[in-house]
Structures are given as structure tokens and as C-alpha cells.
Amino acid sequence: MSLTQRQKILFIDDIPAFCEEMVATLQSEQLDAVSMLSPHEAISKIVRGDFDLVITTLVIAEMGGFEIIRRLRGAGCRVPIIMITGFGTDQSAIEAARLGVADYLTKPVEKTELVARVRRVLAEHAPRAPERPKSLARMISGDWQMSAIFDKVKTVAPSDSRVLILGETGSGKQLLAHAIHQQSRRAQEPFVEVNCAAIPANLLESELFGHEEGAFTGASKRRIGRFEAAGKGTIFLDEIGELSFELQSKLLHVLDSGKFTRVGGGNDMISRARLVSATNRDLMQEVEAGRFRADLYYRLNVISIELPPLRERPGDIGILAQHFINQFVTEGQQPPTFTPAAVEALRQYNWPGNVRELQNFAEQLAVLHAGARIEATDLPARILRPPTRSAPAARVSPPAERLPFREARDQFEKDYLLKAIEEANGNMAEGARLAGMDRGQFYRLAKRHGLTPNGEE
Ligand SMILES: Nc1ncnc2c1ncn2[C@@H]1O[C@H](COP(=O)(O)OP(=O)(O)OP(=O)(O)O)[C@@H](O)[C@H]1O
Ligand SMILES: [Mg+2]
């Protein structure tokens with residue numbers, strides 16, 4: 001049995017004879033299709049995640065095809081949709097593309113054409129086998145990019161090489177630094193963390209290297225610093241991009257000589273700790289702007305690991321959301337679970353606060369929906385309809401007049417995609433989000449039009 005046979009198709013139209021004919025056509029090709037005459041009833045079933053593909057006609061007395069799509073998208077439902085119209089006008093083709101329909105057919109519907117289009121859309125949206133969650137120390141992930149990072153950590157952790165971790169806020173840099181330590185031969189030694197942004201600049205030197213009694217006003221007794229405390233373990237310098245220029249020089253000296261001195265103390269101390277650092281800044285840009293020493297940058301960046309933002313890790317969102325929910329659920333309560341449509345809606349959101357934001361959100365869900373199945377419609381508006389920049393379609397030029405329909409549609413599609421890609425600064429995932437389209441679908445369409453990820457042809 002092929003994958004497409006298990007995917008469920010819903011056909012919506014208010015003419016029973018047409019529904020029967022279309023469903024019979026699809027069923028004769030071993031496709032699992034049913035029909036519904038009422039859009040209202042259909043929407044509630046689709047939103048629940050009952051179908052993998054929806055085919056709707058444009059004109060239905062109770063509610064038109066465009067309105068059906070708007071309501072589905074408004075409820076966070078991303079099911080692929082094929083639209084059938086009586087006669088295709090440029091305007092309806094534009095609107096269909098704007099609403100992100102997967103395909104567009106005009107009547108009379110050729111049976112072989114319908115089946116071919118349905119199979120293509122189903123294949124494009126076939127559920128990928130979910131990645132089995134992997135774990136590394138306290139990190140878990142179901143995303144292939146993270147698997148590659150876990151493998152890299154396992155390779156580099158046992159060495160003494162310095163590691164620089166890059167990633168947006170909340171993407172897991174601290175957890176990754178700890179994982180490196182745990183996978184290293186130093187795992188039994190201390191793991192010492194210093195947040196360079198959290199300690200006032202004038203105290204940071206003594207925090208890092210310690211001080212002798214009387215080194216400065218208030219230094220009533222000797223204090224050992226974090227480098228000393230780390231011993232043969234790992235010292236993790238978080239937010240390294242915030243280090244003052246003066247401390248950058250001192251750190252450079254430590255890295256070059258392997259020695260440091262306590263503030264106000266004469267004796268050199270040997271540093272044996274392995275250094276891992278992290279930043280959410282673009283350090284290379286800081287170097288170019290003259291705010292970060294290039295020589296220090298190269299010494300820190302022996303091995304670099306870049307954590308992708310959560311919105312670019314679709315395999316992680318469902319797994320991490322469920323993982324956090326299970327952690328937060330009150331004792332004795334059943335953890336809530338997600339419908340596939342709800343997971344899809346979470347994937348469409350852009351998670352500016354990354355895993356930390358998801359973690360906080362999961363805590364709310366665990367409390368508010370204990371024991372329930374969370375549907376897309378249960379998710380708050382800020383997740384379903386985050387404020388977007390101006391709608392890309394508003395700035396799309398209309399297709400040239402009197403072109404054959406297919407050419408006009410191609411021209412429109414290309415124009416539309418190019419603008420979305422430009423607006424997203426070449427980021428295809430963001431472009432897909434702006435267009436309200438599935439990422440795979442967006443990418444394939446862009447590729448078909450020869451638009452590279454940089455927005456160049
Ligand atoms: N892959 C993961 N598995 C489980 N928990 C995770 C994962 N990634 C991050 N977390 C959790 O998400 C939260 C944020 O992660 P972390 O503090 O490591 O991010 P960060 O990149 O250091 O953030 P910041 O830049 O704000 O310091 C933490 O509570 C962490 O435990
Ligand atoms: Mg951190």
C-alpha cells in the first residue's frame with residue numbers, strides 16, 4: 001500500500017451529484033476520499049485534523065471556497081487545498097495563490113488531471129517519518145540538524161579544543177556547553193559558568209581571575225576566581241560578546257600564555273581549564289565594527305557550533321513541546337497532547353524566544369489543558385496570527401493583460417515568490433511563513449521558477 005492511499009481527502013461542494021462524481025473518480029484510483037455538502041460542518045472536521053487534503057469549489061451557496069480557506073488558515077490549519085472554479089479568472093487565480101492553495105483547477109475537471117494533481121499534492125505533503133527523538137546530556141531533539149550537532153559534539157568534546165557556540169537567545173547554548181563538558185574527559189571535574197553580561201565590568205576581572213586581600217577597596221580577603229575554580233574542568237564564558245576591550249586583552253593573554261594572575265597578586269597561576277564560550281551576537285560583525293578583538297575571536301573560535309533558531313527546526317517543535325508539557329504537568333494529572341493540526345500551527349509560528357519561549361508556553365498549556373487533547377483552535381491568537389509585516393500580496397503587480405491563463409499564473413507566482421523571498425532577506429523558511437505556505441511547497445515552487453535561496457535567478 002502506498003503512502004497516498006492512507007491520506008484522507010475531503011471534497012466540498014453543495015451539488016450532491018458533482019460530489020458523488022468526484023469522490024467516485026478518486027476512489028476508483030484507490031484514493032481515500034469522502035465529500036461534504038456543508039462548509040461549516042467540513043471546517044470543524046478539517047480543523048480537528050481529520051483530513052490530509054481538501055478539495056473545494058469556489059462557489060458554494062453557504063460559504064464560498066475562499067472564505068473556507070480564510071477560516072481554516074485563521075484557525076491555524078495548514079492542510080493543503082486544491083481549488084476548483086467554474087471559470088478561472090486572473091483575479092481568482094491571484095486570490096487562490098495569495099491564500100496559499102496548493103493547486104487550482106478549472107471546470108470541466110478532467111478526471112486524469114484531477115487524479116494527477118491530487119497525487120502530486122499528496123506526495124508533496126506526505127507526512128515525513130518522524131525523527132526519533134535523540135538526546136545528548138539534558139538536550140533532546142527530533143531534528144536532523146540537531147542530530148548533526150549532537151554528532152559534532154561527540155566528536156569534539158573529548159578533545160581540548162576551544163569551542164564557540166553561536167545562536168539566538170534561548171536556543172540552547174548553555175545546555176550545549178554543559179553537554180560538551182559532560183561528553184568530555186573532564187566530566188568529573190567542575191563545570192564553571194560565567195555570564196559576562198550579568199557581572200558589572202569593574203568586578204568581572206576579579207570574578208574571572210580572583211583577587212588578593214586588599215587588592216581594591218572592599219577586598220577584605222583573598223578570593224579565588226572562576227578560572228581557578230574550574231581547575232581541570234570546563235569554564236563556560238557566556239555572552240562573550242559583552243566583554244570589555246580591556247578584559248578581551250587580559251583573556252587573550254591567558255589563552256596565549258596559559259597563565260593568569262589574581263587581581264593585586266604577583267604570582268602567575270596556570271590555567272588548565274578548557275574554554276567554551278557562547279554569544280548571540282554576530283561576533284565577526286563585532287570584529288569588523290572594531291568592538292571585538294580579531295585575535296581573540298580566532299583563539300575562541302577553534303571549533304564553532306551554530307545552533308539554528310527553533311523556527312528552522314521543524315522536527316523539534318512537537319517533540320520539545322510534548323517533552324516540556326510532560327515535565328510541567330501537575331502530579332496526578334495526565335499531560336495534554338497535541339493534534340497534528342496544533343503541532344503544525346506551532347511550527348508556523350516563528351518563536352523569537354526560541355526553546356525558552358516554547359518551554360514557558362508549554363508550562364501554561366500543561367496547567368490550562370491538563371488531560372486534554374490540544375487542538376489548533378485552543379492556541380492563543382499571538383501564536384496563530386502573529387503580527388506580520390505588510391501582506392506581500394498587496395505589493396504584487398497584476399499579471400500582464402491578455403496572457404494565456406497559465407502564463408499569467410506563472411508570472412504571478414514568480415513575482416509573488418520573489419517578493420516574499422526578498423522581504424525575508426533570502427530566508428526561505430521565513431518567505432514561506434510570510435506567504436502562509438508550507439515550507440516544502442514554497443521551496444519547490446521557488447525552485448520551479450528558478451529562484452535560488454538568495455532570491456537570485
Ligand atoms: N534541546 C533541548 N532540550 C531540552 N531543553 C532545552 C533544549 N534546548 C534548550 N532547552 C531549555 O531551554 C531553555 C533555554 O536554553 P539555554 O539557556 O541553554 O539557551 P541559551 O541559548 O543559553 O539562551 P540565552 O541566549 O538567553 O542565554 C533552558 O531552560 C534549557 O534547559
Ligand atoms: Mg545562555
Side-chain angles (χ1 to χ4, degrees), residues 130-154 156-157 162-184 191-199 204 207-208 226 230 234-243 275-283 285-286 292 300-301 303-329 335 338 343 346-347 349-367 383:
E131 289 245 10
R132 289 245 311 276
K134 296 202 169 112
S135 63
L136 179 74
R138 277 160 35 222
M139 293 187 96
I140 66 148
S141 176
D143 188 84
W144 64 271
Q145 298 174 84
M146 294 298 289
S147 300
I149 289 177
F150 287 1
D151 289 345
K152 188 167 178 181
V153 167
K154 285 182 201 144
V156 305
R162 290 172 204 139
V163 182
L164 175 64
I165 305 171
L166 304 166
E168 289 184 8
T169 180
S171 56
K173 299 185 293 298
Q174 203 260 354
L175 217 51
L176 192 74
H178 198 249
I180 293 171
H181 174 70
Q182 287 203 321
Q183 296 288 311
S184 76
F191 175 79
V192 173
E193 184 185 339
V194 187
N195 185 334
C196 301
I199 301 167
L204 191 54
E207 189 68 29
L208 288 173
R226 304 285 180 99
T234 304
I235 181 158
F236 172 46
L237 299 185
D238 201 358
E239 316 265 16
I240 189 91
E242 312 302 314
L243 219 55
L275 180 67
V276 175
S277 50
T279 178
N280 55 17
R281 291 201 184 197
D282 181 342
L283 261 200
Q285 204 177 323
E286 296 295 295
F292 202 86
L300 294 173
N301 190 21
I303 309 265
S304 71
I305 300 184
E306 195 167 345
L307 278 173
L310 185 60
R311 63 183 161 280
E312 287 173 17
R313 301 189 227 157
D316 261 359
I317 290 174
I319 281 168
L320 283 175
Q322 194 63 56
H323 166 75
F324 293 134
I325 278 197
N326 296 349
Q327 272 184 352
F328 286 123
V329 78
F338 295 96
V343 173
L346 294 179
R347 284 198 186 121
Y349 176 62
N350 74 345
W351 301 106
N354 293 292
V355 184
R356 185 177 296 108
E357 185 182 359
L358 179 64
Q359 194 175 31
N360 293 338
F361 181 58
E363 184 170 3
Q364 293 169 25
L365 293 177
V367 175
I383 301 273

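All ligand and atom numbering here is 1-based and tracks the order in the structure. As the structure is a prediction and not an experimental result, all values here were calculated from the model.
In this structure, Trp351 contributes its side chain and Leu346 its backbone to a donor-acceptor pair below 3.5 Å. Under a 3.5 Å cut-off, the side chain of Asn195 and the backbone N or O of Ala197 do form a donor-acceptor pair.
Ion pairing between a basic and an acidic side chain is recognised when a charged N comes within 4.0 Å of a carboxylate O; Glu193 and Arg226 show no such pairing. With respect to the salt-bridge test (charged N to carboxylate O, under 4.0 angstrom), the residues Glu168 and Arg356 do not qualify.
Contact residues for ligand 1 (protein heavy atom closer than 4.0 angstrom to any ligand atom): Arg138, Met139, Ile140, Glu168, Thr169, Gly170, Ser171, Gly172, Lys173, Gln174, Leu175, Leu320, Phe324, Val355, Arg356, Gln359.
Between Lys173 and Phe236, the closest heavy-atom pair is O-CZ, 4.3 Å. For Gly172 against Met139, the heavy-atom pair with the smallest separation is O-CE, 3.9 Å.
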